[in-house]
Structure formats: structure tokens, C-alpha cells
Amino acid sequence: MTHQPSCPLLLAAALAAAGRDWPVVPLRPTGKRPAGHAEDRCPGTGRCAEGHVTPEQRATTDPDLIRAAWSQRPYNVGIATGPAGLLVVDLDRLKPTDPIGAPDGATSFKALCERAGQAVPTTYRVRTPSGGEHLYFTPPSGVRLKSSAGQLAKRIDTRGWGGYVVAPGSVTGEGSYQVADPSPIAELPAWLVTLLQDPPAPAVPSAIAWTGDASRCAQVALERECAAVLAAVEGQRNDTLYRSACKVGRFVAWGDIPRHVVEEAFQGAGESIGLPSPECRSTVRSALNWSIRTARPREAV
């Protein structure tokens, strides 16, 4: 059976998600990957002139922008889970390559709940075209959880910061994503929060061990900008990380300091203030790529 996506229906799905204050991003028609270019093919122009803009950063709840995008093509709908304040547990079906008798995601999740002495939570659920399920939760206030793959068990992934989930109403060649249980979204149980939290990242040492490859000016700049990241307030941390990495990127372009030294320092600073590791890595890489590409010659500064 061939499933033909409809622009009006998909637009309605995107607006419905945005109406719940869930930022959405276009996914490829009948697909699950974001529309647009990947980071490794970023042209560095247009909206990416100052560094690659990720799907999470592009996601929006603006009805006008959503109508403009979905009037062009029958895009599927992605929900940026982190900005939406969601943690979605993805229970996959078994793959043909899985061993006979292996548990699928739903079975493994039920076993996790039993070991925790808890019932399987009642919450908003979406059934996927393959027969899997997405369980929607809200993390506790102040808890920032990144996406994971197999961290809870095989065939169980989670979508939080740095990820997205395909919204109900989206259509693939296998069928459509449909709401299986419209119950209110439950708060993520504390025992699941514990399982999904990373151990605290080591703090960036106050004194950095510098190599002879870095000039004194580059050393001071990196130390100053790492301190700015560590002092960033909630809501501005990723932006501060990006701006600070941009400022130090010119020293990498000039050969004053190795790129890997800068990346490691900012990665540690970002993780120390609670930014997820993949988000730090993407932000620092984008900032340095832009800064190195646009750096003026030293003598012109």
C-alpha cells in the first residue's frame, strides 16, 4: 500500500505540535531525516553564514514560518525535544538481524519498570509505522537530559536535548505516526531520571597545561573565554560557548594554538555548566569552522 502525504494534513500536524509549544522542524517528505543540508556539507552561507545551524536551532513554533515551509513541500514533522521540554522514550521493534527470542523495546522497558518496582507509566504515546512506540515525558524542572541510544536497554532510545522525534501525523512508506494514547504527558519518573543522567563532568582546571605550540596571546584569550563560558547564566550558555569559541578561532587560523587544544578546553567548559556533550561538540565545531574560514590576516587586525 502506498501512502501519499498531504501538505494540508502535514501542515495541520506541524501547527498542532507548535500549538503545544513544541518547536518543529521540516523532515524530508516520507522520511525521518531533517530537510536541508547536513553539517559536514554546510556551505557556510545564508542562515549558516556564522556557523552551521542545526535542526534543533532551526525548530520554531512561529505559525507564519511553519505555513511558509509546509506550503512548499509535504514535509514530515520533527519535534525538537529539548527545546520542547520533552524526553521521549523510543521503544523499537526487533530488527531482522536481532537474535531469535531477543526482547523488543517494549518488553525491555516493561522489565525495567518491574525491576524498579513501578508500573509502566501512563502517558501520551505515539505508535510508529513499524509498530514501535514513543512515550512522551517531561523532565523535572532544572534537569537537562540529552538523547541516548541503548543507554537504558537494547532497542530503547531516548530523545532529549540534541535530538528530535517524528510527530504524529507524519507519513512514511510504511504508514503513519498515530497517537495511541492521548493521556496527559507524565513527568519522567525519578528512577528513569537517575538512569539517564550522566555522571558529573570533571571541572575545567583553573590552571590549564599549555603546550609550546600556543602563543601567550592565544593562551590568555582561551583562558579568558573559557572563564566566560563557566560564568554564563542559564538560557545563555550555548550562545556564550559559541561566541567565545568564535573569538578564539582566529588564533587557530593564525597557527598560534592547535585546534584540538581549543576544542578540548571549550568542551570541558561547556560540559561543566551542564551542556550535553554532543551539543558542546557541535557548537564548538561550528564556531571554529566559521571563525577560521572568516579570519582576517593577522597584519590586518
Side-chain angles (χ1 to χ4, degrees), residues 1-7 9-14 16-17 20 22-36 38 55-56 59 70 73-82 84 86-114 120-137 145-183 185-186 188 192 195-196 278:
M1 177 180 179
T2 301
H3 299 269
Q4 297 295 333
S6 162
C7 268
L9 291 178
L10 290 168
L11 171 59
R20 301 187 70 154
W22 296 344
V24 298
V25 64
L27 306 181
R28 296 176 186 177
T30 71
K32 297 189 290 184
R33 298 183 64 82
E56 184 175 88
W70 269 268
R73 299 185 68 189
Y75 292 117
N76 272 338
V77 183
I79 299 170
T81 42
L86 296 172
L87 189 289
V88 176
V89 178
D90 181 4
L91 307 179
D92 280 339
R93 297 294 299 273
L94 291 175
K95 309 294 184 186
T97 54
D98 285 322
I100 296 175
D104 62 9
T107 302
S108 294
F109 188 68
K110 183 178 180 181
L112 281 175
C113 293
E114 289 175 349
V120 175
T122 297
T123 191
Y124 184 87
R125 289 179 179 237
V126 173
R127 184 169 294 279
T128 71
S130 65
E133 284 190 313
H134 294 164
L135 280 61
Y136 284 53
F137 296 96
L145 298 173
K146 64 183 182 180
S147 300
S148 71
Q151 185 171 335
L152 292 176
K154 195 169 184 181
R155 297 294 165 223
I156 301 179
D157 298 335
T158 64
R159 298 290 177 262
W161 284 96
Y164 65 91
V165 67
V166 183
S170 298
V171 180
T172 70
E174 295 180 295
S176 62
Y177 288 75
Q178 300 179 349
V179 177
D181 185 344
S183 294
I185 299 174
L188 188 66
L192 272 174
L195 291 177
L196 290 171

The single option from Val88, Ile156, Val89 that satisfies side chain to side chain contact (heavy atoms under 4.5 Å, CB included) with Leu135 is Val89
By side-chain contact (heavy atoms from CB on, under 4.5 Å), Arg73 pairs with (sequence neighbours left out) Pro29, Tyr75
Minimum side-chain heavy-atom gap [X]-[Y] below 4.5 Å:
{"X": "Ser130", "Y": "Glu174", "result": "yes"}
{"X": "Leu192", "Y": "Leu152", "result": "yes"}
{"X": "Val24", "Y": "Trp70", "result": "yes"}
{"X": "Ile185", "Y": "Arg20", "result": "yes"}
{"X": "Thr128", "Y": "Val166", "result": "no"}
{"X": "Thr81", "Y": "Trp161", "result": "no"}
{"X": "Lys146", "Y": "Pro278", "result": "yes"}
{"X": "Asp90", "Y": "Val165", "result": "no"}

Polar side-chain atom of Glu56 near backbone of Gly162 as donor-acceptor pair, under 3.5 Å: yes
Residue pairs meeting salt bridge (charged side-chain N to carboxylate O under 4.0 Å, His left out), one or both in residues 155-167, sequence neighbours left out, come to Asp98-Arg155, Asp157-Arg159
Interatomic spacing from [atom1] in [X] to [atom2] in [Y] - rounded to 0.5 Å:
{"X": "Thr123", "Y": "His134", "atom1": "OG1", "atom2": "NE2", "answer": "13.5 Å"}
{"X": "Arg28", "Y": "Ser170", "atom1": "CZ", "atom2": "OG", "answer": "14.5 Å"}
{"X": "Arg125", "Y": "Ser183", "atom1": "CZ", "atom2": "OG", "answer": "9.0 Å"}
{"X": "Ser176", "Y": "Arg127", "atom1": "OG", "atom2": "CZ", "answer": "11.5 Å"}

- Compute the ring centroids of Tyr164 and Trp22, then answer whether they are less than 6.0 Å apart. no
| task | For the pair Thr158 and Ser148, evaluate side chain to side chain donor-acceptor pair (under 3.5 Å) and give the outcome as yes or no after the intermediate values. | result | CA-CA 5 Å; Thr158 64; Ser148 71; 2.5 Å; yes
Note: Pro182 and Tyr124 closest approach over all heavy atoms is CA-CD1, 4.0 Å
Residues Cys113 and Pro121: closest non-hydrogen pair is SG-CD, 4.0 Å
Could you go through Leu86 and Ile79, starting from their C-alpha distance and side-chain angles, then the distance that decides it, and tell me whether this counts as side-chain contact (heavy atoms from CB on, under 4.5 Å)?
CA-CA 9 Å; Leu86 296 172; Ile79 299 170; 4.2 Å; yes
Side-chain donor-acceptor pairs under 3.5 Å in residues 103-112, sequence neighbours left out?
residue, atom, partner, partner atom, Å
Asp104, OD1, Ala106, N, 3.4
Asp104, OD1, Thr107, N, 2.9
Asp104, OD1, Thr107, OG1, 2.7
Ser108, OG, Asp104, O, 3.2

